[in-house]
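Data block below; observations after.
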There are 2 protein chains.
Amino acid sequence: MSFALNGRPGVAEETRARILAAARALGWTPSHRARALSSSRAFAVGLVMSRPPELLGADPFFPSFIAGAEAVLVDRQEALVLQVVPGREAEEDSYRRLAADGRVDGVFLTDLRVDDPRIALLEQISLPAVTLGRPDVDSTFPAVVVDERSGIAAAVAHLVALGHERIAHVAGPAHFLHGATRRAAWERTLVDAGLPPGRCLVADFSAAGGARATRELLDTGEPPTAIVYANDLMATAGLAVAMERGIDVPGQLSITGFDDTEIAAHLRPPLTTVRTDAFGWGKVAARTLLDLIDGKPGADVEMPPAQLVVRASTAPPAP
Amino acid sequence: MSFALNGRPGVAEETRARILAAARALGWTPSHRARALSSSRAFAVGLVMSRPPELLGADPFFPSFIAGAEAVLVDRQEALVLQVVPGREAEEDSYRRLAADGRVDGVFLTDLRVDDPRIALLEQISLPAVTLGRPDVDSTFPAVVVDERSGIAAAVAHLVALGHERIAHVAGPAHFLHGATRRAAWERTLVDAGLPPGRCLVADFSAAGGARATRELLDTGEPPTAIVYANDLMATAGLAVAMERGIDVPGQLSITGFDDTEIAAHLRPPLTTVRTDAFGWGKVAARTLLDLIDGKPGADVEMPPAQLVVRASTAPPAP
DNA sequence: TTGTACGCGTTATCAA
DNA sequence: TTGATAACGCGTACAA
């Protein structure tokens with residue numbers, strides 16, 4: 001009987017049709033809960049976000065990523081369960097609970113950290129996962145990676161081509177892999193261009209942090225002529241700090257962001273930034289995770305690299 | 001046996017202790033799935049967001065609201081299942097599916113619309129809900145409402161007190177209840193102050209929409225001296241449009257936003273805006289929904305009203 | 001190829 | 001107050 005409904009072989013065509021018709025006539029729907037109990041599957045995947053709530057609101061990544069993931073999840077009748085935790089300890093509990101309760105069949109691992117302990121944790125509790133980006137520790141999980149380095153490298157190269165020689169960086173927290181990667185890409189490109197690495201200040205991806213870092217950068221004796229920010233939010237705050245000091249952007253200072261948020265194109269001047277496809281990332285990550293759950297190994301997948309979007313916040317340095 | 005574990009009455013203290021000890025010793029954990037099947041509960045609540053993905057990323061509301069809701073959900077061992085749908089039709093399917101599959105025990109109803117059909121739908125499929133704001137149609141669901149009118153009214157009154165007489169409004173879509181409410185509050189306050197209602201342009205809460213509306217407003221023969229925007233994103237774009245035309249803010253044009261996003265305080269000039277507590281809203285909404293699901297009726301609850309935050313984007317009009 | 005009976009791990013009911 | 005037993009509804013192994 002269930003063979004017929006699940007479209008499995010070993011059933012006569014006529015019988016199958018008869019059963020399907022009866023099911024439809026009765027308005028019968030398979031019970032998700034019974035299926036879950038019987039097959040010990042949750043038919044759901046999880047995403048735990050561990051960021052301070054005030055920072056969550058400003059980040060354009062999660063909403064887009066989630067929308068992308070949802071786009072494939074709905075088709076497969078899978079639900080997305082969300083978890084928001086304030087700090088690191090709560091985070092581990094969160095994953096353990098999700099697994100112990102059988103709430104999800106797998107999770108997305110975002111905001112990868114340096115020497116991320118979650119990888120070992122998930123392997124230990126055998127909760128399938130997909131990592132967003134390639135971890136720096138051994139991992140048996142498939143990774144869906146977007147090359148952020150080339151985007152940052154393109155931004156720095158763009159500034160170098162314009163004639164800048166003192167190019168600073170306002171980075172994200174160093175314990176985040178993407179924070180570290182972007183920073184490394186900035187430094188590497190500078191060195192490759194034969195330029196001395198400029199100053200790098202670590203901020204926290206917030207507007208307040210971006211403003212603070214910018215002030216510190218501008219307060220030095222020989223301030224940079226260009227600043228590469230690790231996200232648009234900090235770049236926007238940096239732009240305001242420059243204006244507040246009467247520093248013309250891009251005339252006296254060039255700045256670049258990262259994310260290409262919707263507002264970036266509508267700032268004054270419009271922001272030169274690096275675009276990543278969070279929506280597409282979500283789609284591919286969801287497909288990869290679902291395949292993994294279904295027992296199909298799944299190799300790492302490489303997404304199109306982040307693209308530099310040149311707008312008007314960059315120009316040759318003042319003579 | 002389960003009585004003991006669930007802490008229900010009708011069990012001898014000693015027996016309960018004995019059972020609890022045995023359970024711990026065996027490392028036994030109640031099976032979420034079996035409980036769900038047996039009690040026909042999902043132990044989860046739902047939130048469906050029906051916005052175009054590109055708009056989702058810029059909105060600070062959902063992340064904060066979700067974080068707030070999560071704060072109370074975790075304590076009650078309830079999960080949050082998220083759904084993102086592109087349009088109106090998909091939306092109805094989404095709710096029906098959630099209910100039919102028994103994926104959730106109730107939902108949050110956000111982005112209330114004029115004559116919102118979802119209320120009747122949810123009542124029909126008897127899926128408990130909590131509305132964010134008070135609907136304009138009959139509803140049996142508890143509403144958790146934040147008074148947005150007084151925030152907008154305060155913003156308009158602030159501008160009037162500064163001496164402005166031509167105060168325009170860039171509204172959100174008219175079919176959204178909050179869009180309509182903010183617009184009505186703006187108009188009402190103007191009329192009450194004995195001023196002719198200024199121009200009102202309807203945009204879509206996006207930066208692009210805000211920029212377009214601002215250009216149109218500034219292109220008229222007698223442009224406004226102040227613009228009240230329905231959200232920070234549009235106000236930020238409006239600010240850029242003013243700069244692009246060499247119009248000084250706040251010297252020649254005052255602007256106000258709505259949301260008090262993190263970036264608002266870090267723009268140049270810092271944005272005068274209206275603050276709502278989305279995190280708190282999420283907490284209260286979750287509590288109300290959970291109570292409703294538990295069979296406790298629950299009356300409408302009124303949250304603290306939105307507050308005007310005066311910063312530097314507002315000043316007396318040019319003489 | 002088809003029908004049947006049992007297991008999944010709870011909650012709920014009913015005797016004892 | 002306690003213990004045994006029947007649902008809950010689907011997957012599946014096994015017998016017909």
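Letters go in sequence order (proteins before strands), and every chain restarts at 1.
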Using atom CZ of B:F43 as one end and atom C1' of C:dG9 as the other, report the distance to the nearest whole Å.
13 Å
Say whether B:S206 and B:D204, considering side chains only, have a donor N or O and an acceptor N or O under 3.5 Å apart.
yes
Basic-acidic side-chain contact under 4.0 Å: A:E92, A:R96:
yes
Round to a whole Å and report the spacing from CZ of A:R33 to C1' of C:dG7.
20 Å
Just by distance, no angles: are the side chains of B:Q83 and B:S94 close enough, under 3.5 Å, to form a donor-acceptor pair?
yes
Starting from C1' on C:dG3, measure out to CZ on A:R18 and report it in whole angstrom.
12 Å
What integer distance in Å separates A:W28:CH2 from D:dC10:P?
5 Å
Is there a donor on the side chain of A:S38 or the base of C:dC8 sitting less than 3.5 Å from an acceptor on the other?
no
Are B:R76 and B:D294 within salt-bridge range, i.e. N to O under 4.0 Å?
yes
For A:S39, report the nucleic acid contact type (base, sugar-phosphate, nothing); a contact means any heavy atom under 4.0 Å.
nothing
Whole angstroms only, please: what is the CD1-C1' distance between A:I19 and C:dG3?
10 Å
When you get a sec, tell me which of C:dT10, D:dC10, C:dG9 is the closest nucleotide to the side chain of A:L37?
C:dG9
Mind calculating the distance between NE2 (A:H32) and P (C:dC8) to the nearest angstrom?
20 Å
Nearest-Å distance, CZ (B:R41) to P (C:dT10)?
16 Å
To the nearest angstrom, how far is A:R35 atom CZ from D:dC8 atom P?
19 Å
